[in-house]
2 protein chains.
Amino acid sequence: MATIKDVAKRAGVAISTASYALNGSTKVSEATIERVLKAAKELNYQKNGFASDLKRTKTNTIALILSDMSGPYFSELIKGVQEGASGNQYDLIACSSLGGERSTATKFLREKRADGAIILANNISTSIIEESARSDMPIVVLDRDVENPFAIHIEVDNKKGAYEVTEYLIQNGHETIGYISGPPESHDNEERFKGFSDALKDNNLPFQSRLKITGDFTREGGYRATKLLIAQQKLPDALFYANDEMAIGGLQAFDEKGIRVPEDISIVGFDDIQLAEYVSPPLTTVRQPKYEAGALSVHMIFQMLAGEEVDRSFHLPTEMIVRQSVKNKKLSD
Amino acid sequence: MATIKDVAKRAGVAISTASYALNGSTKVSEATIERVLKAAKELNYQKNGFASDLKRTKTNTIALILSDMSGPYFSELIKGVQEGASGNQYDLIACSSLGGERSTATKFLREKRADGAIILANNISTSIIEESARSDMPIVVLDRDVENPFAIHIEVDNKKGAYEVTEYLIQNGHETIGYISGPPESHDNEERFKGFSDALKDNNLPFQSRLKITGDFTREGGYRATKLLIAQQKLPDALFYANDEMAIGGLQAFDEKGIRVPEDISIVGFDDIQLAEYVSPPLTTVRQPKYEAGALSVHMIFQMLAGEEVDRSFHLPTEMIVRQSVKNKKLSD
DNA sequence: CTGTTAGCGCTTTCAA
DNA sequence: TTGAAAGCGCTAACAG
C-alpha cells in the first residue's frame, strides 16, 4: 500500500509538498501538483483516513447506534439522520450494539471513532453512554434518559400517544382493555403503559392485571402473548399492543382461532410501521415522527458540537392513525 | 481528553507499561495493572481507536455499503453479514453511498477505513471499486461484475428466477405479457429482463415492445408505469414487474381503475419483500436468498483476507413463491 | 516485570 | 513555493 511518502519520492518532492498538492492547497505550483497527482495515480495511492483523523483529532462522522440495524422500523429515522448529516458534510455510519460490551457500538463510543452518536439501542448500557458522552462526543439518546450534560434525550411522546389511543378505545365503548407489553425494561414500553393506565384511570375503568401480558416487541412475542390470552377464555373488549409488530402477531393468533378483528375484539398498536396499513384489518395505531426524530437528533449533535447551550430533553408529538381494527361498540350493541 | 500518556504519568509508570496494563497483557504485575486501571478510571480515559488502528494497520471492521441504508429490503442481507462478521470478531458498519463521489462510502473505500467491503449500491461507480479493491481491502460486489482480482461478485440468479416465473405465467395460459422494468442501467434489471424474454422466446411467444415500460424500482414508479399501460387501453394478460415495490404500486393503480387482480390481469413481482405477503392479493414473486447472500459475502471477504484463492463469481438460486396474483386462465377460460 | 524508543501515515508550523 | 521536522496517540520490539 503506497503511502504519501512513496508519492513524494516518486514525484521528487518533500512529503509536505505532496500533502499540500494532494489536498488542493494553493501554496503549491500547478506543475508540482500535477507531478504529485500523476505519481499518486501511478502508485494507486489512497490516503489512510485514520492517519489524517488522528492528526486532526476530528472524524467528521457521526455514528448511529442501533440494537439491530435491520428492522424496517429504522428506515425513516435513518433517513432523517442521513440527510442532516450529509447536509453538514458529515458522514453517517450505522453500527449495531449487538454483543453489548463487546459490540461495535461500544467500540465506537469508547474509542472516539466518531464526533457524535445517536443511540437507539436498549441493549447498550447506560453506564457506557455516560462514560462516553463528553464535549467532543455529544450523544443523543432516543430510548431513555441519561444523566450527563453531553447526552440529551429525544423521545416521542409515548405516554400521550398511548393515552390518546386508549381514550379512543374507550370512546368507542370498550371497557375491558388488555395490554400486551414490550420487554419490561424498555423505557418506551413503560411510558406507553403509563399513558394507557392513566387513560383507564381518568375514565374510571379498572385495570385487570390478568389482562397485562408481557411480550417482547416481536411479532412472535405478540403471537404468544395473544395465545396466552385466548387460553384464558374470557377475551377483553379490546387490546392495546405496545407496538405494531406484536399486534400483527396477535392478528395471526386470532385468525388461527377464528376470532374476528374487530368484530369479536378490537385492537390497536403503536408505531405505525409500513405493514400496519396492509394487514387485515388495517391497524389503528399511533404514528411516531421517526423522520423528525432523526433530523432533530443530528441537529442537536451539531449544536452541542458547536458548544451551544441546549435543552436536555425533547418530546415529539405522535399522531393517532385510525384504520379498521377498532369497532364502535356503541353503534353495534 | 486524557491520553495514555496522562494515565501513565498518573499511575507513575511508563507509557508502554500503561499500554500493556490496559490491554490485559500478562507481562505486567497485578499491582501495576490495578494502579493503571485506577488512574485510567479517574481520568475517564478512553483509548483513541484511530491511533491503535493506525499502529496496527488493521481495523477489524468490514464495511457494508448500501445505496440507501434505509429500505426494508436490506434487513435480511444485513443480518447475514452481521452474524458472519461478529462471529469472527469483526465489526460491521453500514454506510451510505448517497452522494456518489463525495459519499461516506467512497471515503471508506478510498481511505482504507475498513478491512473489506460489501457493496450493494448502484450509485457507486465501478471505477472507484476497481481502484479500491486490493489484497488488504477485498470487496464483494452484489450488483454488478467488476474487473479486479480482489473484487468478487455474488448475485442471485436473476435470469433464472425471471425465467421460471415467466414460464409459470405462460403455463397458466397467459400469452401477452408485459414487463415493467427497473432503471435501465441496473444490472439486476437487465438480467431479469433477459430471463423474461428468453422464456417468451422459448415458448414461441412474441414480445411486444409497447408492453415494456420503464420504471425505477420504486412503488411510485410502478404506479406511474402501470397508469401508462392502462392508458393504452389494451391490457396484456399478465405483467412482470421487475421488483415487488413496483408491483405494489401497480396494484394501487389497478385498484383505482377498478381493474381486478388477478381476475382481469395477472401480475408477478421479484424479491419477495415482506409486504408481498400482505398486499391484496398476495403477490406471486421470486424470493431472493438475501440472508445467504450476506453470509456468503462476509465469508468470502475473510477468505480473501486470509489470502486464499477464491472463485470470482457466485450465483445463488432463487425460489418462486406462488401466491394469489396469478390466475389460471386455462381453467377459467 | 518495567522503561525506552521507534515508528504507523498524515498534517502543519516554521524556516529556507 | 518548497522542505525539514514535530508530533497526533498508540503498540511492540528491545533492552534493562
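These numbers were taken from a predicted model, which means no experiment stands behind them. Every chain is numbered from 1 and lettered A, B, ... according to where its sequence line falls, protein lines coming before strand lines.
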- Query: With respect to the side chain of Arg56(B), which nucleotide from dT11(D), dC10(D), dC10(C) is positioned closest?
  - Reply: dT11(D)
- Query: Rounding to a whole Å, what distance do you find between Glu34(B):CD and dC1(C):C1'?
  - Reply: 16 Å
- Item | Protein-nucleotide distance (Arg113(A), atom CZ; dG9(D), atom P), rounded to Å | 15 Å
- Message: If the test is side chain to side chain contact (heavy atoms under 4.5 Å, CB included), which one of Val13(A), Thr17(A), Asn23(A) qualifies with Val28(A)?
- Response: Thr17(A)
- Query: Below 4.0 angstrom, N of the basic side chain to O of the carboxylate: do Lys38(A) and Glu42(A) qualify?
  - Reply: yes
- Note on the structure: Atom NZ of Lys58(A) and atom C1' of dT11(C) are separated, to the nearest Å, by 15 Å
- Query: Under the 3.5 Å rule, do the base of dT13(C) and the side chain of Tyr20(A) count as making a donor-acceptor pair?
  - Reply: yes
- Message: Under 4.0 Å from OP1 or OP2 of dT11(D): is there any side-chain N or O of Lys47(B) that close?
- Response: yes
- Please state how far atom CG in Asn60(B) lies from atom C1' in dT11(D), giving the value in whole angstrom units. 15 Å
- Message: Does a side-chain N or O of Tyr45(A) approach OP1 or OP2 of dC10(C) to a distance below 4.0 Å, or not?
- Response: yes
- Message: Does Lys55(B) contact dG7(C) through a side-chain donor or acceptor facing the base, at a distance under 3.5 Å?
- Response: yes
- Query: Can you check side chain to side chain contact (heavy atoms under 4.5 Å, CB included) on Glu185(B) and Asn122(B), steps first, answer last?
  - Reply: CA-CA 9 Å; Glu185(B) 68 276 16; Asn122(B) 45 34; over 6 Å; no
- Message: Looking at dC8(C), I'd like to know if its phosphate oxygens (OP1 or OP2) sit under 4.0 Å from a side-chain N or O belonging to Asn48(A).
- Response: no
- Rounded to whole angstrom units, what separation is found between the CG atom of Leu54(A) and the C1' atom of dT11(C)? 10 Å
- Task: By nearest nucleotide on DNA chain D, pick out whichever of Thr32(A) and Ser52(B) is the more 5' one.
- Result: Thr32(A)
- Do Ser19(B) side-chain and dA12(D) base share a donor-acceptor contact under 3.5 Å? no
- Report yes or no: do Asp188(A) and Ser186(A) form a side-chain donor-acceptor pair below 3.5 Å? no
- Query: Are any of Thr17(A)'s side-chain N or O atoms less than 4.0 Å away from OP1 or OP2 of dT1(D)?
  - Reply: no
- Message: Counting only heavy atoms from other residues, nucleotides and ligands, does the tally under 6.0 Å from CZ of Arg102(B) exceed 12?
- Response: no
- Query: What is the distance, rounded to the nearest whole Å, between atom CG of Leu43(B) and atom C1' of dG9(D)?
  - Reply: 15 Å
- Message: Categorize Ser16(A) for me: base, sugar-phosphate, or nothing, with a 4.0 angstrom heavy-atom threshold over every strand shown.
- Response: base
- Residue mapping more 5' on DNA chain C - nearest nucleotide basis, Thr57(B) or Ala14(B): Ala14(B)
- Side-chain-base donor-acceptor pair under 3.5 Å for Ser29(A) and dT1(D): no
- Across the strands shown, which category fits Asp53(B) at heavy-atom distances under 4.0 angstrom: base, sugar-phosphate, nothing? nothing
- Message: Between Thr59(A) and Asp53(A), is there a side-chain donor-acceptor contact under 3.5 Å, judged purely by atom types and distance?
- Response: no
- Task: Would you kindly give the CD-to-C1' distance between Glu111(B) and dC8(C), to the nearest whole Å?
- Result: 16 Å
- Grab the NZ-P distance between Lys27(A) and dT11(C) for me, whole Å please. 13 Å
